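Inspection log for the structure reproduced underneath, given as structure tokens.
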Number of protein chains: 2
Amino acid sequence: MTAHAHPSGPTGADAVDALLDRLRASGGRVTPARRAVLEVLVEAGAEHLAADELAARVHASAPQVHLSTVYRNLESLEEAGVLRRARLGEGPASYHLSADDHHHAVCRRCGVVIQVSADALGPVVAALAREHGFRAEPRHLTIDGVCAACAR
Amino acid sequence: MTAHAHPSGPTGADAVDALLDRLRASGGRVTPARRAVLEVLVEAGAEHLAADELAARVHASAPQVHLSTVYRNLESLEEAGVLRRARLGEGPASYHLSADDHHHAVCRRCGVVIQVSADALGPVVAALAREHGFRAEPRHLTIDGVCAACAR
DNA sequence: CTTGATGCAAATGGTTTGCATGTTT
DNA sequence: AAACATGCAAACCATTTGCATCAAG
């Protein structure tokens, strides 16, 4: 049978399976806790989740999964290239799937967030390569500034 | 007399006084602890110092200055625009004078830090202004990547 | 003399770790 | 059966805070 009763539907379930494959390919094991973490992440889409928020959502379907397990899983999944950890400003780190990659420009006055494509950084990446041989792979930068509305 | 017995020489002492003036202008008070913190920072130049490393150097001349005071002073001085706090990769934040402004490219493998001039971000800043009217004033970006040595 | 700064100790918050046990391969 | 993952509690580390005292303006 192809129809599963997952709340996120067959597409979400398939996505989770694909990610678990990548985990396994990188030497990790597939466990219920890891599946649950990925389900939450797939469900969250581009939303940024802190570890404890993620754990809270995991607890909805798997209450026994400990926060420390979530941390360990996030670490393994990041090593497998499945997800990214971002340190946005202060407070806890946040996580999202590698598929939802992007950068941020944040207004210092009103806090509005503008998503910045990876392409926008092309010139900087090129300059670093040319001048320092540095292979930049910017993943999650936050650019500080003032938005159009607040600037006037 | 123009010759002072400061190890950093008259230029360093003048620099510290100028920075203290900015502090005072922004409503802060000038204290021995704050002077000591700035002396260390001026001496360090473009070097990145973590709070506890900074405290250790302050202790060379002022052993009674507490680490919590250093933290509070760093906060005040950042608010006065005198210095910048940067979160490079993992571990503690590091600090440097605003005069030594720059961004960072950090190697994900060996942790080496390459300083990137503010100019390098010109194209990105321009693109944000053109496309979103966003006035970017990037202060301490950290660009992730792999350095020349680790890439080979 | 008033307000802000300091030293200290103790609390905080996010994250990591040691260990005994359970699970995946 | 071997290697790895988990739950739990406890450790850890960078940073913050409450409070009584002190010093700068």
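Order of the sequence lines fixes the chain letters, A, B, ..., with proteins taken first and strands second; residue numbering starts at 1 for each chain. These numbers were taken from a predicted model, which means no experiment stands behind them.
Not counting sequence neighbours, the partners of Arg24(A) by the salt bridge (Lys or Arg N to Asp or Glu O under 4.0 Å) test are Asp21(A). Residues passing the side-chain contact (heavy atoms from CB on, under 4.5 Å) test with Ala136(A), sequence neighbours excluded: Val125(A), Leu128(A), Phe134(A), Pro138(A), Ile143(B). Qualifying side chain to side chain donor-acceptor pair (under 3.5 Å) partners for Ser76(A), counting only residues two or more places apart in sequence or in other chains: Arg34(A). Asp100(B) pairs by the salt bridge (Lys or Arg N to Asp or Glu O under 4.0 Å) definition with nothing, not counting sequence neighbours. With sequence neighbours excluded, the residues that form a salt bridge (Lys or Arg N to Asp or Glu O under 4.0 Å) with Arg85(B) are Glu90(A). Applying the ring-ring contact (aromatic ring centres under 6.0 Å, His included) rule to His48(B) yields the partners His102(B), His104(B); only residues at least two apart in sequence or on another chain are considered. Asp52(A) is linked by a salt bridge (Lys or Arg N to Asp or Glu O under 4.0 Å) to nothing, counting only residues two or more places apart in sequence or in another chain. Partners of Glu47(A) according to the side chain to side chain donor-acceptor pair (under 3.5 Å) rule, which considers only residues two or more places apart in sequence or in another chain, are Arg57(A).
In this structure, the CD atom of Glu90(A) is 12 Å from the C1' atom of dG13(C), given to the nearest Å. One can place CG of Leu54(A) at 14 Å from P of dG14(C), the figure rounded to the nearest angstrom. To the nearest angstrom, P of dA5(D) lies 18 Å from CG of Leu67(A). For the pair Gln64(A) CD and dA5(D) P, the computed distance is 17 Å after rounding to whole Å. When the C1' atom of dT15(D) is taken as reference, atom CD of Glu53(B) falls 17 Å away, rounded to whole Å.
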Give me, pair by pair, the N or O atoms of the protein and of nucleotides 9-13 of chain D that are less than 3.5 Å apart, along with how far apart they are.
none

Please list each protein N or O that sits under 3.5 Å from an N or O in nucleotides 23-25 of chain D, with the distance.
from    : atom 1 : to       : atom 2 : distance (Å)
dA24(D) : N3     : Arg29(B) : NH1    : 3.3

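Within 4.0 Å of Ala50(A), counting heavy atoms only, lies no atom of the nucleic acid at all.
Two end axes, each from the C1' atoms of five base pairs, can be drawn for the helix from dT12(C)-dA14(D) to dT25(C)-dA1(D); they diverge by 30°, to 10 degrees.
Residues from residues 71-81 of chain B lying near DNA chain D, meaning a heavy-atom separation below 4.0 Å, are Tyr71(B), Arg72(B) in numerical order.
Of the candidate nucleotides dT16(C), dA5(D), dT15(D), dA5(D) has the atom nearest to the side chain of Arg34(A).
Between Ala33(A) and Asn73(A) the shortest heavy-atom distance is CB-ND2, 3.7 Å. Heavy-atom minimum distance, Ala50(B) versus Pro92(B): CB-CG, 4.0 Å.
Between the side chain of His59(A) and the backbone N or O of Val65(A), at least one donor-acceptor pair lies under 3.5 Å.
At a threshold of 4.5 Å between non-hydrogen side-chain atoms, the residues Tyr95(B) and Leu49(B) do not count as touching. Looking only at side-chain heavy atoms (C-beta outward), Leu38(A) and Leu23(A) stay at 4.5 Å or farther from each other.
Remark on DNA chain C: of its neighbouring residues Asp52(A) and Ala33(B), the 5'-side contact belongs to Ala33(B), judged by nearest-heavy-atom nucleotide.
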